[in-house]
*Asks:* 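One structure is given below, represented as structure tokens, and several questions about it will come after.
Counting from 1, the numbers follow the sequence of the chain as shown. Computation of the quantities below employed the complete heavy-atom set of this structure, encompassing side-chain atoms and omitting hydrogens, waters and symmetry-equivalent molecules. Treat the numbers as computed from the prediction; the structure is a model and nothing was measured.
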Amino acid sequence: MAKANIRTRFAPSPTGYMHVGNLRTALYAYLAAGDNGTFILRIEDTDQGRYVPEALDIIYETLKETGLHWQEGPDVGGDYGPYIQSQRLDIYKKYADQLIEQGDAYRCFCDKERLEASRLVQKAAGNPASYDRHCRSLSAEEIEEKLKAGLPYVVRQRIPDTGSTTITDEIFGDITVENSTLDDQVLIKQDGMPTYNFANVVDDHLMDITIVIRGTEYLSSAPKYNLLYEAFGWPIPKYLHCPPVMKDSSSKLSKRNGDASYQDLIAKGYLSDAVLNYIALLGWSPGGEQEIFSLEEMKKLFNIHDVSKSPSIFDPAKLRHINGVYIRALSPEDFYSAALPFVKQAVTRQDIDLKALCALLQTRTEVLGEIPEQIDFINALPDYDLSLFASKKMKTSPETAPDALRALRPVLEAIPAEAFTPERLHSDLMALVARLGVKNGTILWPLRVAVSGKQFTPGGGIEIAALLGKQDSLARIDTALSRLEQAGY
């Protein structure tokens, strides 16, 4: 198959947020199309009971944010539309009628109670084909009579009772099933809407899809799809069924179970490019040690045969690592723009240089959503435990902290407010360290604790004091001295 002739599609159901597995399917379909193929967006909204109106905008926005731009779709048009299934009902009816005329489908008038009773009987008999097939044998007159009486019906595929069907998957190879194990699946529901199992076959053919990429949950239905293709005399596209993304060794990620969607990850402070990079690695690897790939690099390297057969475990730690790499690679300006909404959740003071603060944060941040907790001390000094003054590495303690704070306070007091910069603070405090003949940490660790009240901060005591300014820094040092003295140190 020439690369330029490849046509792939992403066909989501608008039922909510974009799940990680769905986005991976979209990414693989986009990458399989490459630069010269065609990537199509099709909306499969035939399950009206689960339809969420705002979900369509979520699909558009997610694909645009991640750079997965489609060449054909509901909003951009194309030669194979409409690209929304609910607008193609006449097409499905036409092909369902054709199957009925050929004898490859039939109208089933059985009610739900009868079908359930039949299912239980056949299950007890060990017959996987679980639906009552008596409607197969209705005469034309009987069918006409039921239609005239207005009895509701569904259209079912007539599966051969004998023989076998083989599908070929690009990952799993040839899979053969006995036709007797397949049920007569519904093609058209009572409300006239097609099922996914029917509409996807019709649409994939009419839209000239050459590679169908979807999850392994559809692998068991693929033989029935092949039988439909054969009934119509249509060529069968290539199949790529991607193994699931798992929460752990036994549970799949699922938006129904509240697992993180793409939107959730972005809201938590993960970068779109990092999320896409990580999702690509959930089942695909081009070989080698490289883990960081731009979308353009992925397009050049992606091969459908490099997709793994095995399920992938969603590893939050690895996603954090990759996100941290992307954050550190941002320009200072881009990091400032990305971090600012999270900074403003914690810092409302107007006298803080937020760009200077972001410069401190960038190398110490893996997830933007964790920024507020790092900097919540800026608005107000927390009620910290005095044990924070103890540091084995710095060889400090609550007992030694008062002397250090009393020594550094006049040094800070002597610096003019307009000169209260990291450079000036560093110069004057290092001069103090030299005069006292002590290690840097003896002075700087107590300063850091006094001005932040936290064990972990985005910068050292010098940077934090410069951010807070002279007045607030001195006030916090006085608070620390008062608390230490009251505690008997």
Side-chain angles (χ1 to χ4, degrees), residues 317 320-321 324 328 346-347 352-353 356-367 370-417 419-489:
R320 283 180 61 90
H321 165 70
R328 290 187 291 275
V347 179
I352 299 298
D353 184 342
L357 173 58
C358 286
L360 295 177
L361 286 166
Q362 185 166 3
T363 58
R364 297 170 174 86
T365 300
E366 286 191 313
V367 182
E370 296 171 357
I371 286 176
E373 186 179 359
Q374 292 187 64
I375 60 175
D376 56 4
F377 68 88
I378 293 178
N379 265 15
L381 185 67
D383 184 17
Y384 58 93
D385 194 299
L386 295 179
S387 63
L388 286 181
F389 284 106
S391 171
K392 289 184 179 179
K393 182 179 179 181
M394 302 299 178
K395 297 183 178 179
T396 62
S397 67
E399 288 81 6
T400 64
D403 287 341
L405 294 175
R406 292 189 191 101
L408 68 85
R409 192 191 188 288
V411 174
L412 302 190
E413 178 74 54
I415 300 174
F420 211 76
T421 64
E423 295 76 17
R424 177 66 181 272
L425 287 168
H426 183 271
S427 174
D428 289 9
L429 288 174
M430 289 303 100
L432 171 64
V433 166
R435 287 199 307 272
L436 297 177
V438 297
K439 292 186 176 181
N440 294 356
T442 303
I443 297 297
L444 299 184
W445 183 261
L447 172 62
R448 176 177 170 179
V449 173
V451 295
S452 71
K454 294 177 77 77
Q455 183 174 6
F456 302 105
T457 56
I462 288 174
E463 291 86 2
I464 293 171
L467 275 171
L468 296 173
K470 178 177 179 178
Q471 182 178 350
D472 195 11
S473 294
L474 292 175
R476 293 185 182 208
I477 291 170
D478 290 340
T479 297
L481 282 167
S482 176
R483 292 188 59 196
L484 286 163
E485 290 168 3
Q486 290 175 12
Y489 295 113

*Asks:* Which heavy-atom pair separates Ile477 from Leu408 by the least distance, and what is that distance?
*Replies:* CD1-CD1, 3.6 Å
*Asks:* Does Lys395 reach the main-chain N or O of Gly441 with its side chain, forming a donor-acceptor pair under 3.5 Å?
*Replies:* no
*Asks:* If you compare all heavy atoms of Leu467 against all heavy atoms of Ala356, which two are closest, and at what distance to 0.1 Å?
*Replies:* CD2-CB, 4.0 Å
*Asks:* Contact between Val433 and Lys439 at the side-chain level, heavy atoms closer than 4.5 Å - yes or no?
*Replies:* no
*Asks:* Does Thr442 use its side chain to pair, donor to acceptor, with the backbone of Val438 at less than 3.5 Å?
*Replies:* no
*Asks:* When you compare the side chains of Arg448 and Thr457, does any donor N or O come within less than 3.5 Å of an acceptor on the partner?
*Replies:* yes
*Asks:* Can you tell me if Arg476 uses its side chain to pair, donor with acceptor, with the backbone of Leu468 under 3.5 Å?
*Replies:* no
*Asks:* How far apart are the closest heavy atoms of Ala466 and Thr421, and which atoms are they?
*Replies:* CB-C, 4.0 Å
*Asks:* Heavy atoms, side chains only, cut-off 4.5 Å: are Trp445 and Asn440 in contact?
*Replies:* no
*Asks:* Evaluate the side-chain proximity of Leu447 to Leu412: yes if any heavy-atom separation is below 4.5 Å, no if none is.
*Replies:* yes
*Asks:* If every non-hydrogen atom of Phe377 is compared with every non-hydrogen atom of Pro382, which pair is closest and at what distance?
*Replies:* CB-CD, 3.8 Å
*Asks:* For Arg406, is there an ion pair with Glu485 - N to carboxylate O distance below 4.0 angstrom?
*Replies:* yes
*Asks:* Within the distance-only criterion (no hydrogens, no angle test), does the side chain of Thr400 pair as donor or acceptor with the backbone N or O of Ser397 below 3.5 angstrom?
*Replies:* yes
*Asks:* Looking only at atom types and distance, does a side-chain atom of Thr365 sit under 3.5 Å from a main-chain N or O of Leu361, one as donor and one as acceptor?
*Replies:* yes
*Asks:* Does the side chain of Arg435 reach to within under 4.5 Å of the side chain of Val411, using non-hydrogen atoms?
*Replies:* yes
*Asks:* So, the side chain of Glu463 versus the backbone of Gly460: is there a donor-acceptor pair under 3.5 Å, distance only?
*Replies:* yes
*Asks:* Could you measure the distance from the OG atom of Ser473 to the CD1 atom of Ile462? Nearest 0.5 Å is fine.
*Replies:* 11.5 Å
*Asks:* I need the Glu370 CD to Ile375 CD1 distance, nearest 0.5 Å.
*Replies:* 12.5 Å
*Asks:* Taking C-beta and beyond as the side chain, do Met430 and Ile443 meet within less than 4.5 Å on heavy atoms?
*Replies:* no
*Asks:* Is there a donor-acceptor pair closer than 3.5 Å between any side-chain N or O of Lys470 and the backbone N or O of Glu413?
*Replies:* yes
*Asks:* Over all heavy atoms of both residues, which pair between Ser452 and Ile464 is shortest? Give the atoms and the distance, please.
*Replies:* CB-CD1, 4.2 Å
*Asks:* Hey, what do you get for OH (Tyr489) to CZ (Phe389), rounding to the nearest 0.5 Å?
*Replies:* 10.5 Å
*Asks:* Nearest 0.5 Å, please: how far is NE2 in His426 from CG in Leu444?
*Replies:* 7.5 Å
*Asks:* What's the separation between atom CG in Leu388 and atom CD in Gln455, rounded to the nearest 0.5 Å?
*Replies:* 6.0 Å
*Asks:* To check you understand the geometry: which heavy-atom pair defines the closest contact between Arg320 and Glu366, and what is its length?
*Replies:* NH2-OE1, 3.0 Å
*Asks:* Find out whether Leu405 and Leu484 are in side-chain contact, i.e. whether some heavy atom of one side chain is under 4.5 Å from a heavy atom of the other.
*Replies:* yes
*Asks:* To the closest 0.5 Å, what do you measure between CG (Leu474) and CZ (Phe420)?
*Replies:* 6.0 Å
*Asks:* Consider only side-chain N and O atoms of Ser482 and Gln486, and report whether a donor and an acceptor are under 3.5 Å apart.
*Replies:* yes
*Asks:* Looking only at atom types and distance, does a side-chain atom of Thr396 sit under 3.5 Å from a main-chain N or O of Lys392, one as donor and one as acceptor?
*Replies:* no
*Asks:* Should Gln362 and Pro458 count as side-chain neighbours, where that means a heavy-atom distance under 4.5 Å?
*Replies:* no
*Asks:* Answer yes or no: are there more than 12 heavy-atom neighbours, outside Glu399 itself, under 6.0 Å from its atom CD?
*Replies:* yes
*Asks:* I'd like to know whether Asp383 forms a salt bridge (Lys or Arg N to Asp or Glu O under 4.0 Å) with Arg483, so could you lay out the CA-CA distance, the side-chain angles of the two residues, the decisive distance to 0.1 Å, and finally the verdict.
*Replies:* CA-CA 10 Å; Asp383 184 17; Arg483 292 188 59 196; 3.6 Å; yes
